[in-house]
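To start, the structure under review is shown below, and the notes come after it.
The chains referred to below are lettered A, B, ... by the order of the sequence lines, with proteins before strands, and numbering in each begins at 1.
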Amino acid sequence: MAGTPETIEQVRAVTEQKYKYGFTTDIESDMAPKGLNEDTVRFISAKKEEPEWLLEWRLKAFRAWQGMEEPHWPKLNYGPIDYQDAHYYAAPKQKNKPKSLDEVDPELLKTYEKLGIPLREQEILAGVEGSEGKSPAIAVDAVFDSVSVATTFRAKLEEMGIIFCAISEAVHKCPELVQKYLGSVVPYTDNYFATLNSAVFTDGSFVYIPKGVRCPMELSTYFRINQANTGQFERTLIIADEGSYVSYLEGCTAPQRDENQLHAAVVELVALDDATIKYSTVQNWYPGNEEGVGGIYNFVTKRGACRGKNSKISWTQVETGSAITWKYPSCILQGDNSVGEFYSVAITNNRQQADTGTKMIHIGKNTRSTIVSKGISAGRADQTYRGLVKILPKAEGARNHTQCDSLLIGDQCGAHTVPYIENRNRSARVEHEATTAKISEDQLFYCRQRGLSAEDAVSLIVNGFCKEVLKELPMEFAVEAQKLVGISLEGSVG
Amino acid sequence: MIEIKNLHATVDGKEILRGIDLTIRPGEVHAIMGPNGAGKSTLSYLLAGREGYEITEGSVTYYGKDLLEMEPEERAAEGVFLAFQYPVEIPGVANTTFLKVALNALRKHRGEKELDAMQFLKLVREKTKALGMSDDMLKRAVNVGFSGGEKKRNESLQMAVLEPKFAILDETDSGLDIDALRIVAEGVNALRSPERSMLVITHYQRLLDYIVPDHVHVLAAGRIVRSGGKELAVELEKNGYRDFGANEAA
Ligand SMILES: Nc1ncnc2c1ncn2[C@@H]1O[C@H](COP(=O)(O)OP(=O)(O)O)[C@@H](O)[C@H]1O
Ligand SMILES: [Mg+2]
């Protein structure tokens, strides 16, 4: 077909749409000088007007970190990271802490609107007569670079005793909760990146659901890295008290830049007796370009403690972004009859690399865990599933079922499965199933014969492959995630 | 009008089609019969645009366009539909989702408005009922765990929904019991119209009792060795393919 101006324009529109979150917001920022030392830690702590105990905790972490080495066991390939060549704090300049959305910089509200998260509109819509109780609204905590810029629906949640705010604010608002639980699941000595995060974390979300309360709406944090040369180190802490329930969503994007940016987050979840936490992530950090230039280095520690009996923690993740992903959302199943779940879709295209999986540590009796991992590799990407199922001697009757499926598109990508199983209880049962498949020519041709383009065909087939995981996502996220699956694989065939 | 001229094709260096000539006018139904391995499926795949064949000679003109130059999805958009001899499974993709995506892709190409979920469901329920299929089959993943007969009915359903201009049915009758055969044939007959052409590939004359063709051709060893009216099918049923079989190919 001849390349008419229209078709050329169309093609350009499509290819540029690949990473549509790549824009930058022009906003004045308050930044820490480049570099990392004790002064940086003190600077951040002072900016947040933190109590002495927290500064001490950070400094302990920083000192521990100095004696640690970056881990090299993951199957990842990247040049050395210069930890001194980054800013550890960047905050959009705001005169005062905004008390309501009306006080938030319009430029920031516009950014979130562009990202598809109209903070203001959501609150207004929810306030409209008759809309209440119909479609459940989502409360959003918007984190821009190092700080939380707005949290919606707070008043409504507070009526029920639910605390949903920036962690920097929780430190002042409910210090006893923060002090009791911060670092209780991921100690500050845990691993290189978690320790770094403990020293320099800037913001993130805090959630507390009181006893017996079922949180009436999805809680969500939207992370956005904007500034160049900054690392993002957010810290999220969610506590579900006895008999409570919460579903929490996390989304993330970053501008398109040629240099790599470091993101090292920590998420801690605590579920007490009979409590349930459902934690969903759609991770779409900038993945770098086709040649592997730029993109986010995503080194994240996520762990949930099922402390109470009959408690449940469920992780669902759709990982499509980042140049490098290093992430193992885990469950410590301490309470008897507690349940851990991990549902994961990881897509790597072009030069992306991911080493991801989960850890299920069975401590209590009759603890159960389910792992469903779907890995899709295309282009020259490389992906590893790394999972640990550990059954301790007292975990009488523990059960695990693991299902690991890999799908390859093309013949230059790689998929690896590394399951570790340690079973120290005879009554426990651990099952592991793994498959590797390619999208077959027959499937592609069948779809194309029905009128689908090659790319739509791949997207449809991959969405089918991931269905078991995608159906675990809250409705509001599922549609977005399906589209994202298609976009991430653009250019992978043909 | 579809004009196949002197079409030669090889797979892995082996010549499978050895000069096919066939003209199909709008509204006509042509049947192709022939022994196993004659090249019937190869011809249908070539017309639909499957990769893996080398066309060494000849041409196919489809309503004035060079069909062989078009991508499979362009051919589909222009109204070419192939009911597969072996329909393909797509795990995790609901039959309705697949149909809806396909129909809307075609509608978009034709400049028609895409159907929303409600409109689509209404349409597909009607067609499903007409083919004696249960709604349950719509929810199941495309062809996954379908019996041979269910797969064939599913192909007919897709054809009924997509309303092609040129439908190729590759042994759609195999695997169907007599009742199912009659229903599928009724579905096909309902689609017959002055604008629509069909190429019905079958091994048995049985199907042609229900779908009465305008022309019958015998394909053997990569060539059309005889053409005639519907009475040719009856003759073949009586005498078999012995006269055209592998012997002549050798
Ligand atoms: N992909 C292929 N590779 C090698 N030989 C093939 C391939 N596809 C078809 N053939 C051969 O081509 C011939 C015709 O096959 P086909 O078109 O399926 O016949 P029919 O549908 O008439 O039974 C057979 O001899 C078959 O073995
Ligand atoms: Mg055949």
Which portion of B/R75 sits near chain A, non-hydrogen atoms under 4.5 angstrom: neither
Check each atom of B/Q158 against the heavy atoms of chain A and say whether the ones under 4.5 Å are side chain, backbone, both or neither. side chain
For residues 87-99 of chain B, dump all side-chain donor-acceptor pairs below 3.5 Å to protein atoms at least two apart in sequence or in another chain.
unit_1	atom_1	unit_2	atom_2	d
B/N95	OD1	B/N154	ND2	3.3
B/N95	ND2	B/M137	O	3.1
B/N95	ND2	B/N154	OD1	3.0
B/T96	OG1	B/L138	O	3.4

Starting from the C-alpha separation in whole Å, work towards a yes-or-no answer on side chain to side chain contact (heavy atoms under 4.5 Å, CB included) for A/D456 and B/V101. CA-CA 9 Å; A/D456 287 348; B/V101 172; 5.5 Å; no
Exercise: identify the closest heavy-atom pair between A/G451 and B/A105: O-CB, 3.5 Å
Taking the side chain as every heavy atom from C-beta outward, state whether B/Y86 and A/D442 have any pair of such atoms under 4.5 Å apart. no
I'd like to know if the side chain of A/Q449 reaches the main chain of B/G49, judged simply by a donor and an acceptor atom lying under 3.5 Å from each other, with no hydrogens or angles considered. no
Flag the one option from B/E71, B/E155, B/M70 with the top tally of heavy-atom pairs under 4.5 Å to chain A. B/E155
Using a cut-off of under 4.5 Å for heavy-atom pairs, which of B/E73, B/E51, B/E78, B/H109 has the most such pairs with chain A? B/E73
For B/V80, which atoms come within 4.5 Å of any heavy atom of chain A: side chain, backbone, both, or neither? both
Exceeds 12 heavy-atom contacts within 6.0 angstrom, atom CZ of A/R399: yes
Under 3.5 Å: donor-acceptor pair, side chain of A/R450, backbone of B/L82: yes
Using heavy-atom distances under 4.5 Å, tell me whether A/C447 contacts chain B through its side chain, its backbone, both, or neither. both
Of the backbone (N, CA, C, O) and the side chain (C-beta and beyond), which part of A/F465 lies under 4.5 Å from a heavy atom of chain B, both, or neither? backbone
